Number of protein chains: 2
Amino acid sequence: MNYDETREEFIQVWGSLASSWGVSKTMASIHAYLLSSAEPKTTDDIMSDLQISRGNANMNVRALVDWGLVRKVSIAGERMDHYEADKDVHSFAPKIARERRKRELEPIIEQLKSLRKVEGRTAEAKELKKTLGGIYDFAMLGDQFLRRYIQGEKGWLTRTLSKLLK
Amino acid sequence: MNYDETREEFIQVWGSLASSWGVSKTMASIHAYLLSSAEPKTTDDIMSDLQISRGNANMNVRALVDWGLVRKVSIAGERMDHYEADKDVHSFAPKIARERRKRELEPIIEQLKSLRKVEGRTAEAKELKKTLGGIYDFAMLGDQFLRRYIQGEKGWLTRTLSKLLK
DNA sequence: CAGTATTTTCAAAAATTATTGAAATTATTG
DNA sequence: CAATAATTTCAATAATTTTTGAAAATACTG
């Protein structure tokens, strides 16, 4: 399988998995497109290679920039903005973790913090308290781990997991 | 905040977060409903308390049973099926992890396994190979960790993470 | 500054995903 | 086995999410 075929398939796979990763198909496709590009690309490149509209390309490139997965670079003599993906998984994965933590974990923790204090001396109230408390404690542990990964030094997770699984 | 208020809010929070967790809103609401129920509930209970249709209730309860988060229990003298949630987060979280791993991680790994072998001696082919290889290795590490958690003994993850974060 | 290029916005349309509800199927009871 | 209860299925509908594309805003260039 050659370069172009690999690229195309990578873009298509990354895109088709997008929904289960909680991002739009286009956002994932553009990410894969830039991850597999040797050179920075313009919005026009993205539009024509991925066959999408300008508005769509613009919105999703910006989202990728917001997530920190892609950066704007200037090419001397060119007017259009060029975009380039961070290709080092150990650098971009924590950024994805940061966004997903914020969307998927933080709101649960915030809510459970108060819900687990449910009042009442009935058996059912006590049981609910225990259930919610258990979920809260578990979520907090995951949260601490994620926070450490997100802001930690680059090799930490890999080193830790490797050791752990040896 | 009393038992009923807490329950209602928990159901609503769990449901509203569903989309970012890759499950349908109803599936999450039913899960929260059963997690916060002292007694096993029938499809009719779910329908009337959550205000949803029979088809919807049936489909999503079955999905919860498939995931292993809820089990069918028989109540002596009652004809209708009753459903009860596994309330121990250390028992049900690995089941969620198992399903999400299957949907979100396994397909990427399967594809990257071959894509990372991209042929070509050009600079761009080499760079792509490096990028895809890096993502693959990282995904494999996460996969090993998840597998260990999913089929491991109950306290493993909590113990490990607690030690790690101390 | 005027003219042109580029980027952004956002209402409307399209695509996707979830839900309903009634009919079909399956299970239970006497 | 007939009658009834309970469950499942699935085509139609509704709700949600994504995408388009043209207009508005912004940024350059000479």
Side-chain angles (χ1 to χ4, degrees), chain A residues 11-12 14-34 40-67 70-84 99-100 103-104, chain B residues 11-12 14-34 40-67 70-84 99-100 103-104:
Chain A
I11 291 168
Q12 119 79 26
W14 216 243
S16 72
L17 257 54
S19 65
S20 71
W21 278 78
V23 299
S24 87
K25 188 173 173 303
T26 303
M27 182 170 161
S29 298
I30 296 176
H31 191 210
Y33 174 73
L34 293 175
K41 298 288 189 178
T42 66
T43 302
D44 282 4
D45 294 331
I46 295 169
M47 284 169 62
S48 68
D49 288 340
L50 259 37
Q51 297 276 55
I52 58 172
S53 70
R54 181 171 303 283
N56 198 10
N58 181 269
M59 299 261 258
N60 287 104
V61 166
R62 189 142 44 80
L64 287 165
V65 172
D66 287 346
W67 282 43
V70 163
R71 58 186 161 276
K72 199 183 279 194
V73 295
S74 343
I75 303 285
E78 303 246 355
R79 260 176 91 165
M80 278 191 184
D81 290 342
H82 286 63
Y83 299 94
E84 175 179 66
E99 294 300 321
R100 296 192 75 176
R103 288 199 300 170
E104 300 178 25
Chain B
I11 290 168
Q12 118 80 26
W14 216 243
S16 72
L17 256 54
S19 65
S20 71
W21 277 77
V23 300
S24 87
K25 187 173 175 302
T26 304
M27 182 169 161
S29 299
I30 296 176
H31 191 209
Y33 175 73
L34 293 175
K41 298 289 189 177
T42 66
T43 301
D44 282 6
D45 294 331
I46 295 168
M47 283 168 63
S48 67
D49 288 341
L50 259 38
Q51 298 276 53
I52 58 173
S53 71
R54 181 171 302 285
N56 197 11
N58 181 270
M59 300 262 257
N60 286 103
V61 166
R62 190 142 43 79
L64 286 166
V65 172
D66 287 345
W67 281 43
V70 163
R71 59 186 160 273
K72 200 183 279 194
V73 296
S74 342
I75 303 286
E78 303 246 356
R79 261 177 89 164
M80 277 191 185
D81 291 341
H82 285 63
Y83 298 94
E84 176 178 66
E99 295 299 322
R100 296 193 76 178
R103 289 199 299 169
E104 300 178 26

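Computation of the quantities below employed the complete heavy-atom set of this structure, encompassing side-chain atoms and omitting hydrogens, waters and symmetry-equivalent molecules. The sequence lines fix the lettering, A, B, ..., with proteins before strands; numbering per chain opens at 1. Since the model is a prediction, treat every value here as computed from it, not as a measurement.
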Which atom pair, heavy atoms only, marks the closest approach of B:Ala57 to B:Ile30?
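Minimum heavy-atom separation between B:Ala57 and B:Ile30: O-CD1, 4.1 Å.
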Given atom [atom1] of [X] and atom [atom2] of [N], what is their separation to the nearest angstrom?
{"X": "A:Met27", "N": "D:dT17", "atom1": "CE", "atom2": "C1'", "result": "15 Å"}
{"X": "B:Lys41", "N": "D:dA6", "atom1": "NZ", "atom2": "P", "result": "17 Å"}
{"X": "B:Asp66", "N": "D:dT7", "atom1": "CG", "atom2": "P", "result": "16 Å"}
{"X": "B:Lys25", "N": "C:dT20", "atom1": "NZ", "atom2": "P", "result": "10 Å"}
{"X": "A:Met80", "N": "C:dT8", "atom1": "CE", "atom2": "C1'", "result": "14 Å"}
{"X": "B:Met47", "N": "D:dA6", "atom1": "CE", "atom2": "P", "result": "12 Å"}
{"X": "A:Asn60", "N": "D:dT18", "atom1": "CG", "atom2": "P", "result": "9 Å"}
{"X": "B:Arg62", "N": "C:dT19", "atom1": "CZ", "atom2": "C1'", "result": "15 Å"}

I would like to know whether A:Asp44 and A:Arg54 meet side-chain contact (heavy atoms from CB on, under 4.5 Å); could you show each step before the answer?
CA-CA 8 Å; A:Asp44 282 4; A:Arg54 181 171 303 283; 3.0 Å; yes
Quick test of your reading: applying side-chain hydrogen bond (donor to acceptor under 3.5 Å, both in side chains), list the pairs with at least one residue in residues 57-67 of chain B, sequence neighbours left out, ordered by first then second residue.
B:Ser24-B:Asn60
State which residues pass salt bridge (Lys or Arg N to Asp or Glu O under 4.0 Å) with B:Lys72; sequence neighbours excluded, sorted by chain then number.
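Only B:Asp81 meet the salt bridge (Lys or Arg N to Asp or Glu O under 4.0 Å) criterion with B:Lys72.
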Proximal nucleotide (of C:dT19, C:dT7, C:dT8) relative to the B:Ser24 side chain:
C:dT19
So if I take every side-chain heavy atom of A:Asn58 and compare against C:dT8, D:dT7, D:dT19, which nucleotide ends up nearest?
C:dT8
What one-letter contact string describes nucleotides 21-30 of chain D from 5' to 3', where B marks a base within less than 4.0 Å of any protein heavy atom, S marks contact via sugar-phosphate atoms alone, and - marks no contact?
B------BS-
Quick one: stems involving DNA chain C, counted as three or more successive Watson-Crick or G-U pairs, both distances short of 3.5 Å.
C:1-30 with D:1-30
Looking at residues at least two apart in the chain, or sitting in another chain, which of them share a side chain to side chain contact (heavy atoms under 4.5 Å, CB included) with A:Glu104?
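Side chain to side chain contact (heavy atoms under 4.5 Å, CB included) list for A:Glu104, sorted by chain: A:Arg100, B:Ser20, B:Trp21, B:Arg100.
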With sequence neighbours excluded, what pairs up with A:Ala63 under the side chain to side chain contact (heavy atoms under 4.5 Å, CB included) test?
A:Met27
Need to verify one output field. Residue with the more 5' nearest nucleotide on DNA chain D, B:Asp44 or A:Thr26?
B:Asp44
What distance separates B:Leu34 CG from B:Leu64 CG, expressed to the nearest 0.5 Å?
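CG of B:Leu64 is found 7.0 Å from CG of B:Leu34.
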Quick check for you: to the nearest 0.5 Å, what is the distance between B:Thr43 atom OG1 and B:His82 atom NE2?
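B:Thr43 atom OG1 to B:His82 atom NE2 measures 9.5 Å (nearest 0.5 Å).
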side-chain contact (heavy atoms from CB on, under 4.5 Å) with B:Tyr83: which of B:Val73, B:Val61, B:Asp45?
B:Val61
